[in-house]
Amino acid sequence: MKIVSYNLNGIRARLPRLIEYIEEQKPDILCLQEVKCADEAFPIEDIRSAGYDGVWHGQKGFNGVAILTPGRPAQVRRIGLPGDPDDTHSRYIEAEVDGVVIASIYLPNGNPVGTEKFAYKLAWMDRLRVHAQALLAEERPVVLAGDWNVIPTDDPDDVFSARAMASDALMQPESRAAYRRILNLGFTDAIRARYPDGAVYTFWDYTAGCWQRDAGFRIDHLLLSPLAADRLLDAGVDKEYRGREKASDHAPTWVGIED
DNA sequence: ATGTCAATACAATATTGA
């Protein structure tokens with residue numbers, strides 16, 4: 001089964017891209033981030049017309065996550081990340097599909113460093129770690145898919161220029177340590193398991209001709225629990241979609257696991 | 001310092017958040 005993570009940067013602005021992605025790639029599970037619309041504005045009828053259904057956690061203006069599946073909607077397990085009842089951001093939805101636990105994650109960006117936004121990012125990651133540990137304890141196949149807003153290393157395989165990005169929240173030692181703490185619970189980074197070497201970028205900024213000069217970085221990750229990693233067949237980035245008309249600044253990032 | 005984009009408030013541009 002093909003499981004995809006795709007930060008759309010606005011589902012209404014991106015609807016033609018989304019529908020053509022569904023029709024061309026026919027993913028078994030499509031995790032979306034930054035849908036940027038209220039629950040009642042989610043274009044579910046357009047998605048149903050393409051033969052898919054969905055579960056979503058929207059928010060007016062920004063954030064918003066969803067999980068789309070062909071035919072019937074996924075079985076929702078959780079809407080929102082536990083650990084802070086005062087958190088108003090729509091950044092987490094978790095469902096079960098064919099025995100696999102799937103989370104669509106939109107981790108806080110955290111810029112600029114040194115502000116409450118960065119503190120929120122780190123606190124959110126701590127809550128995610130606690131929850132991820134609880135998921136592992138279930139001893140089931142789990143895929144944590146999303147825009148993690150963390151560039152794992154300074155390696156050119158992860159980022160076009162560590163120097164240019166050095167002061168960004170995506171690169172800070174605290175962000176990376178929080179990411180590694182989750183990874184080190186026992187998850188496998190599917191992209192790096194498939195491609196131990198070589199640049200695999202998932203995001204290219206709209207500004208400064210970043211796409212044209214391949215100045216990207218890797219922030220969309222699919223983390224596999226041991227039982228999911230045992231079934232890993234392939235992983236990749238559908239990079240071509242970043243070059244299309246009215247594209248998102250992210251490319252769809254995916255993992256294939258045995259049925 | 002954005003060679004950019006989307007959504008919103010508001011009513012032609014400014015603000016927010018990437």
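Every value quoted in this text rests on a predicted model; they were computed, and no experiment measured them. We name chains A, B, ... by the order of the sequence lines, and we start the count at 1 in each one.
- Going from the P atom of B/dA11 to that of B/dT15 covers 14 Å, rounded to whole Å.
- Using a 4.0 Å heavy-atom criterion, one finds that A/Tyr106 contacts the sugar-phosphate atoms exclusively.
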For A/Asp220 and A/Ser5, run side chain to side chain donor-acceptor pair (under 3.5 Å): C-alpha distance rounded to whole Å, both residues' side-chain angles, the deciding distance at 0.1 Å, then the answer. CA-CA 7 Å; A/Asp220 299 275; A/Ser5 180; 4.7 Å; no
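- As rounded to whole Å, 13 Å separates atom P of B/dT8 from atom CD of A/Glu34.
- With A/Trp56 contributing its side chain and A/Asp39 its backbone, the two residues share a donor-acceptor pair below 3.5 Å.
- Set against B/dT2, B/dT8, B/dG17, the side chain of A/Arg12 has B/dT8 as its closest nucleotide.
- Regarding A/Arg244, its CZ atom lies at a distance of 18 Å from the P atom of B/dC5, rounded to whole Å.
- Taking atom CG of residue A/Asn111 and atom C1' of nucleotide B/dT16, one finds them 14 Å apart after rounding to whole Å.
- One interatomic measurement links the two molecules: OH of A/Tyr120 to C1' of B/dG17, which rounds to 13 Å at whole-angstrom precision.
- The closest side-chain heavy-atom distance from A/Phe42 to A/Ile47 is below 4.5 Å.
- Atom C1' of nucleotide B/dA7 and atom CG of A/Asp39 are separated by 16 Å, given to the nearest angstrom.
- For the pair A/Lys36 and B/dC5, the criterion of a side-chain N or O lying under 4.0 Å from OP1 or OP2 is not met.
- Taking side-chain N and O atoms only, A/Lys117 has a distance below 4.0 Å to OP1 or OP2 of B/dG17.
- Taking side-chain N and O atoms only, A/Tyr206 has no distance below 4.0 Å to OP1 or OP2 of B/dA6.
- The hydrophobic clustering, which links ILVMFWY residues whose side-chain heavy atoms are closer than 4.5 Å, places A/Val113 and A/Met165 apart.
- Between B/dA18, B/dA7, B/dC5, one nucleotide has an atom nearer to the side chain of A/Ala13 than all others, and that is B/dA7.
- The 5' end of DNA chain B is approached more closely, in terms of each residue's nearest nucleotide, by A/Arg213 than by the other of A/Gly61 and A/Arg213.
- B/dT16 atom P lies 12 Å from atom CZ of A/Phe62, rounded to whole Å.
- Checking A/Asn7 against A/Gly209, the closest nucleotide of DNA chain B that is more toward the 5' end is the one next to A/Gly209.
- A donor N or O paired with an acceptor N or O is found under 3.5 Å between the base of B/dT2 and the side-chain atoms of A/Thr207.
- Rounded to whole Å, the distance from CG on A/Leu15 to P on B/dA7 is 11 Å.
- In this entry the distance linking CG of A/Leu8 with C1' of B/dA7 reads 14 Å, nearest Å.
- No side-chain donor-acceptor contact under 3.5 Å links A/Asp238 to the backbone of A/Glu240.
- A donor-acceptor contact closer than 3.5 angstrom links the side chains of A/Gln25 and A/Tyr241.
- A distance of about 26 Å separates the P atoms of B/dT13 and B/dA1, rounded to the whole Å.
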Candidate pair A/Lys2 and A/Asp28, rule side chain to side chain contact (heavy atoms under 4.5 Å, CB included), full reasoning: CA-CA 5 Å; A/Lys2 182 172 183 174; A/Asp28 296 289; 4.0 Å; yes
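- Stem regions for DNA chain B, each three or more consecutive Watson-Crick or G-U pairs with both distances under 3.5 Å and listed by first number, read B:4-9 with B:13-18.
- Contact of the A/Gln33 side chain with the A/His250 side chain is not registered, since no non-hydrogen atoms from C-beta on lie closer than 4.5 Å.
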